[in-house]
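The structure appears right after this line, and notes come after that.
In this text the structure is predicted, and so the values were computed from the model without any measurement.
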2 protein chains.
Amino acid sequence: MTEHPEFNVLTATCPSRTSLARIANKWTAMVVSALGDGRLRFSDLRTTVDGISGKVLTDTLRELERDGLVSRHVFAEVPPRVEYELTPLGHTLHAPLRALGDWAEQHIEEVLTARETFDKRR
Amino acid sequence: MTEHPEFNVLTATCPSRTSLARIANKWTAMVVSALGDGRLRFSDLRTTVDGISGKVLTDTLRELERDGLVSRHVFAEVPPRVEYELTPLGHTLHAPLRALGDWAEQHIEEVLTARETFDKRR
DNA sequence: CTGCATCCCAGCCGATACTG
DNA sequence: CAGTATCGGCTGGGATGCAG
């Protein structure tokens with residue numbers, strides 16, 4: 001019922017691939033995961049997603065907003081306050097992206113071991 | 001039980017982030033999805049993942065092999081034949097990555113509409 | 001505080017040519 | 001067929017400075 005057989009990410013020219021390129025991205029995964037519990041202002045997002053630069057966070061949020069995954073709320077205050085929140089569409093992506101982060105955390109030891117073995121054989 | 005609270009991808013220096021960086025990638029998502037149904041040789045993978053260049057496919061497979069997600073099987077034949085297959089660890093990642101591709105296909109119309117709206121307002 | 005503008009570097013990625 | 005090597009363009013991404 002929710003199938004769209006006419007779209008296929010494995011086809012180079014399919015527009016869905018441009019969407020995949022945005023969501024299959026480490027910064028997107030971390031930002032969307034961080035927004036899963038509710039609204040966050042820019043500076044809190046910056047500290048939650050440790051190590052992200054201001055430029056990259058801005059760019060990532062702007063693209064997510066463009067794709068309709070994140071909404072932006074500006075408050076007319078001094079100093080300025082801007083909060084970001086997942087849209088309903090963005091929420092449907094939260095679990096899948098969170099799953100990637102969870103996978104990385106849960107299997108990191110196996111991955112590190114595999115890397116050691118691989119590098120030793122070279 | 002399978003929890004590893006000591007690892008957190010949101011921490012910049014956590015090694016799990018290096019793993020996330022590899023799996024949260026459009027080429028990884030497509031290659032792992034393509035390998036979900038079983039072994040594929042290099043050339044078949046190249047045509048299945050439409051538009052991928054030989055260099056990028058080689059690089060992606062090499063990194064996936066290094067992280068223990070993909071195994072490589074070489075046949076002593078002429079012409080050469082090399083097949084790639086998901087490891088048990090790689091299989092645990094298949095569903096999560098497939099979910100991203102499915103999401104992109106199922107929601108592309110909403111995303112395209114959002115982009116139009118966003119771009120029109122600029 | 002937010003975020004734009006700029007500069008600049010590193011890495012991704014594609015195209016091509018060449019080997020076993 | 002399955003690579004490797006090389007080159008070059010493009011983009012991601014960090015640092016800094018400035019404006020609202």
Side-chain angles (χ1 to χ4, degrees), chain A residues 9-13 17-32 34-35 39-67 70-85 118 121-122, chain B residues 9-10 12-13 17-31 34-35 39-67 70-85 118 121-122:
Chain A
V9 290
L10 292 180
T11 301
T13 55
R17 185 177 283 193
T18 68
S19 181
L20 178 65
R22 160 96 346 252
I23 66 180
N25 169 282
K26 65 173 175 180
W27 294 124
T28 295
M30 289 188 273
V31 168
V32 171
L35 288 175
R39 291 186 175 200
L40 279 179
R41 59 190 299 178
F42 187 86
S43 54
D44 292 334
L45 213 36
R46 194 147 164 29
T47 59
T48 299
V49 181
D50 185 41
I52 195 170
S53 70
K55 176 179 176 293
V56 171
L57 180 54
T58 299
D59 292 348
T60 301
L61 287 169
R62 200 64 72 248
E63 290 300 308
L64 291 176
E65 190 192 358
R66 187 170 104 97
D67 281 9
V70 160
S71 57
R72 189 166 173 272
H73 307 276
V74 185
F75 296 83
E77 299 176 0
V78 172
R81 182 165 113 246
V82 180
E83 295 184 350
Y84 292 90
E85 180 181 27
F118 183 90
R121 270 195 321 210
R122 296 289 105 186
Chain B
V9 290
L10 292 181
T13 55
R17 187 178 280 192
T18 68
S19 181
L20 178 65
R22 159 94 351 248
I23 65 180
N25 169 283
K26 66 174 177 181
W27 294 125
T28 296
M30 288 188 274
V31 168
L35 287 175
R39 290 188 175 200
L40 279 179
R41 59 191 302 178
F42 187 86
S43 54
D44 291 335
L45 213 36
R46 194 150 163 31
T47 59
T48 300
V49 181
D50 185 41
I52 194 170
S53 71
K55 177 177 178 296
V56 171
L57 180 54
T58 298
D59 293 347
T60 301
L61 287 169
R62 202 64 75 245
E63 289 301 308
L64 290 176
E65 190 191 359
R66 187 169 106 97
D67 281 9
V70 159
S71 58
R72 186 166 174 273
H73 308 276
V74 185
F75 296 83
E77 301 176 358
V78 172
R81 181 164 114 248
V82 180
E83 297 184 347
Y84 292 90
E85 180 181 27
F118 183 90
R121 271 193 323 208
R122 295 291 104 185

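- Among D:dG13, D:dC1, C:dG14, the nucleotide with an atom closest to any side-chain atom of B:W27 is C:dG14.
- Between the B:R17 side chain and the B:V9 main chain, a donor and an acceptor come within less than 3.5 Å of each other.
- Separating the OG atom in A:S19 from the NZ atom in B:K26 is a distance of 12.5 Å, to the nearest 0.5 Å.
- The nucleotide whose nearest atom lies closest to any side-chain atom of A:K26 is, among C:dG3, D:dG13, D:dC1, D:dG13.
- Contact between the side-chain N/O atoms of B:R22 and the OP1/OP2 oxygens of C:dC12 is not found at any separation under 4.0 Å.
- Rounded to whole Å, atom P of C:dG11 lies 16 Å from atom CG of B:N25.
- One finds the CG atom of A:L40 at 5.5 Å from the OG1 atom of A:T48 (value rounded to the nearest 0.5 Å).
- Taking CZ from B:F42 and CG from B:L61, the interatomic distance works out to 6.5 Å, rounded to the nearest 0.5 Å.
- Contacts with DNA chain D (heavy atom under 4.0 Å) in residues 51-60 of chain B: B:K55, B:T58, listed by number.
- Here D:dG12 presents its P atom at 15 Å from CE of A:M30, a figure rounded to the nearest Å.
- With distances taken from any side-chain atom of B:R62 to the nucleotides D:dG20, C:dG3, D:dT4, the minimum falls on D:dT4.
- Taking atom CZ on B:R72 and atom P on D:dC1, their separation rounds to 16 Å, with Å as the unit.
- Distance check, rounded to the nearest 0.5 Å: CG of B:D44 to CZ of B:R39 gives 13.0 Å.
- Atom C1' of nucleotide C:dC12 and atom CD of B:E63 are separated by 12 Å, given to the nearest angstrom.
- Here B:R46 lies out of heavy-atom contact (under 4.0 Å) with every strand.
- The CG atom of B:D44 sits 13 Å away from the P atom of D:dG3 (whole-angstrom rounding).
- One atom, CD of B:E83, and another, C1' of D:dC1, lie 13 Å apart when rounded to the nearest Å.
- In this structure, A:F75 reaches neither bases nor backbone, as no heavy-atom distance under 4.0 Å exists between it and the strands shown.
- Put simply, CZ on A:R22 and OG1 on A:T60 are 6.0 Å apart, with the number rounded to the nearest 0.5 Å.
- Residue A:R41 has no polar side-chain atom (N or O) positioned under 4.0 Å from OP1 or OP2 of C:dC1.
- Put simply, CD on B:E63 and CG on B:D59 are 7.5 Å apart, with the number rounded to the nearest 0.5 Å.
- Proximity of A:R81 to the phosphate of C:dG3: no side-chain N or O atom is located under 4.0 Å from OP1 or OP2.
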